[in-house]
Novice: 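Quick one: the structure is below, questions incoming.
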Amino acid sequence: MKKLILSLSILTTGILSAQNSSINVEVNNIKNSKGDIALALYDSAKNFTKKEVKATKVRAKKGKVVVTFDNLPEGNYAIAILHDENSNEKMDFNMLGIPKEDYGFSNNAKGVFAPPKFKDAAFKLNANETKKVKISL
């Protein structure tokens, strides 16, 4: 019984320590305080811009906002950000299909007529690390 409790304790400690990494995301160049800044965190090319690992939004603030994603296992991640000025929870486009709201990706990755590839926006998060990612809209 003592071995079982000790084994479970070691396993739990290992799992918890592997998930205490965090990512501080600094969003710069916010043009105004209208609406929300929506952030989505992805962990694979397959799910990039489709199914996030974590997502959050904060009220927009002209200039800069900082958001933290906590309790993450180590791995590769990419971040997508939208300044949802009208708080309708989607990106708005003009008649030509050009985005009307500011957006950005980690590594300041850019796509051509589409989001960038995961590999271009991805960064490595190591265990027990806090990583700061600056993104400009």
Side-chain angles (χ1 to χ4, degrees):
M1 185 64 153
K2 285 183 181 181
K3 285 185 179 182
L4 178 62
I5 292 172
L6 180 60
S7 295
L8 287 174
S9 175
I10 291 170
L11 178 62
T12 303
T13 301
I15 291 171
L16 290 176
S17 67
Q19 295 230 355
N20 64 359
S21 299
S22 62
I23 301 168
N24 294 315
V25 183
E26 184 177 298
V27 183
N28 297 297
N29 300 322
I30 301 170
K31 293 178 186 172
N32 59 57
S33 297
K34 294 178 187 173
D36 303 305
I37 303 296
L39 300 96
L41 182 68
Y42 301 93
D43 66 353
S44 71
K46 176 183 165 191
N47 293 329
F48 188 51
T49 71
K50 295 175 189 73
K51 184 174 178 0
E52 67 274 354
V53 173
K54 289 188 176 193
T56 190
K57 66 181 177 179
V58 296
R59 290 297 301 161
K61 180 179 153 192
K62 185 176 180 175
K64 173 177 87 171
V65 297
V66 177
V67 176
T68 302
F69 290 106
D70 286 319
N71 299 317
L72 297 168
E74 67 179 280
N76 291 317
Y77 293 96
I79 300 168
I81 296 179
L82 169 66
H83 183 180
D84 186 12
E85 290 188 61
N86 59 4
S87 298
N88 67 350
E89 299 186 2
K90 65 179 184 176
M91 181 180 278
D92 296 316
F93 299 88
N94 68 18
M95 292 184 341
L96 299 175
I98 298 170
K100 292 167 61 175
E101 297 172 307
D102 288 337
Y103 62 93
F105 296 91
S106 44
N107 299 335
N108 290 318
K110 306 279 187 217
V112 179
F113 299 111
K117 300 213 180 293
F118 177 80
K119 67 179 180 138
D120 295 331
F123 56 90
K124 176 84 171 150
L125 179 67
N126 296 311
N128 301 316
E129 175 183 41
T130 297
K131 186 159 192 84
K132 183 175 184 181
V133 177
K134 289 186 179 183
I135 295 181
S136 295
L137 291 176

Novice: Less than 4.5 Å apart, any side-chain heavy atom of V67 and any of I37?
Specialist: no
Novice: Mind checking the CG-CE spacing from D84 to M91? Nearest 0.5 Å is all I need.
Specialist: 9.5 Å
Novice: Roughly how far apart are S22 OG and L125 CG, rounded to 0.5 Å?
Specialist: 7.5 Å
Novice: For the residue pair V27 and L39, establish whether any side-chain heavy-atom pair is separated by less than 4.5 Å.
Specialist: yes
Novice: Could you tell me which residues satisfy side-chain contact (heavy atoms from CB on, under 4.5 Å) with K61, sequence neighbours excluded, listed by chain and number?
Specialist: V65
Novice: Spell out, as yes or no, whether a donor-acceptor pair under 3.5 Å connects the side chain of S21 to the backbone of N128.
Specialist: yes
Novice: Are V133 and K131 side-chain neighbours, meaning at least one heavy-atom pair lies under 4.5 Å?
Specialist: yes
Novice: Who are the ring-ring contact (aromatic ring centres under 6.0 Å, His included) partners of Y42, not counting sequence neighbours?
Specialist: F48
Novice: Kindly compute the distance separating CZ (F123) from CD1 (I79), expressed to the nearest 0.5 Å.
Specialist: 4.0 Å
Novice: For the side chain of S87 and the backbone of G35, is there at least one donor-acceptor N/O pair under 3.5 Å apart?
Specialist: no
Novice: Got a sec, which pairs hit side chain to side chain donor-acceptor pair (under 3.5 Å) with one end in residues 112-127, sequence neighbours left out?
Specialist: none
Novice: May I have all residue pairs that pass salt bridge (Lys or Arg N to Asp or Glu O under 4.0 Å) and include part of residues 90-100, sequence neighbours excluded?
Specialist: none
Novice: Can you check whether L96's main-chain N or O pairs, donor with acceptor, with N94's side chain at less than 3.5 Å?
Specialist: yes
Novice: With a 3.5 Å distance limit and no angle check, can you tell me whether S33 reaches the backbone of K62 through a side-chain donor-acceptor pair?
Specialist: yes
Novice: Output yes when K57 and E89 qualify as a salt bridge under the 4.0 Å nitrogen-oxygen rule, no when they do not.
Specialist: yes
Novice: Considering only Ile, Leu, Val, Met, Phe, Trp and Tyr, and joining two whenever side-chain heavy atoms are under 4.5 Å apart, list the other residues clustered with V112.
Specialist: F113
Novice: Please name the pair of heavy atoms, one in K54 and one in N71, separated by the smallest distance, quoted to 0.1 Å.
Specialist: NZ-O, 4.1 Å
Novice: For the pair H83 (side chain) and K34 (backbone), establish whether a donor and an acceptor sit closer than 3.5 Å, ignoring hydrogens and angles.
Specialist: yes
Novice: Which residues pass the side-chain contact (heavy atoms from CB on, under 4.5 Å) test with V53, sequence neighbours left out?
Specialist: D43
Novice: Measure the OH-CD1 distance between Y77 and I23 for me, rounded to the nearest 0.5 Å.
Specialist: 6.5 Å
Novice: Would you find more than 12 non-hydrogen atoms of other residues, nucleotides or ligands less than 6.0 Å from K50 atom NZ?
Specialist: yes
Novice: Can you confirm whether P115 sits close enough to F105 that some side-chain heavy atom of one is under 4.5 Å from a side-chain heavy atom of the other?
Specialist: yes
Novice: Taking N107 for the side chain and A122 for the main chain, is one N or O donor matched with an acceptor at less than 3.5 Å?
Specialist: yes
Novice: Is any side-chain heavy atom of V25 closer than 4.5 Å to one of L41?
Specialist: no
Novice: Is any side-chain heavy atom of V66 less than 4.5 Å from a side-chain heavy atom of E26?
Specialist: yes
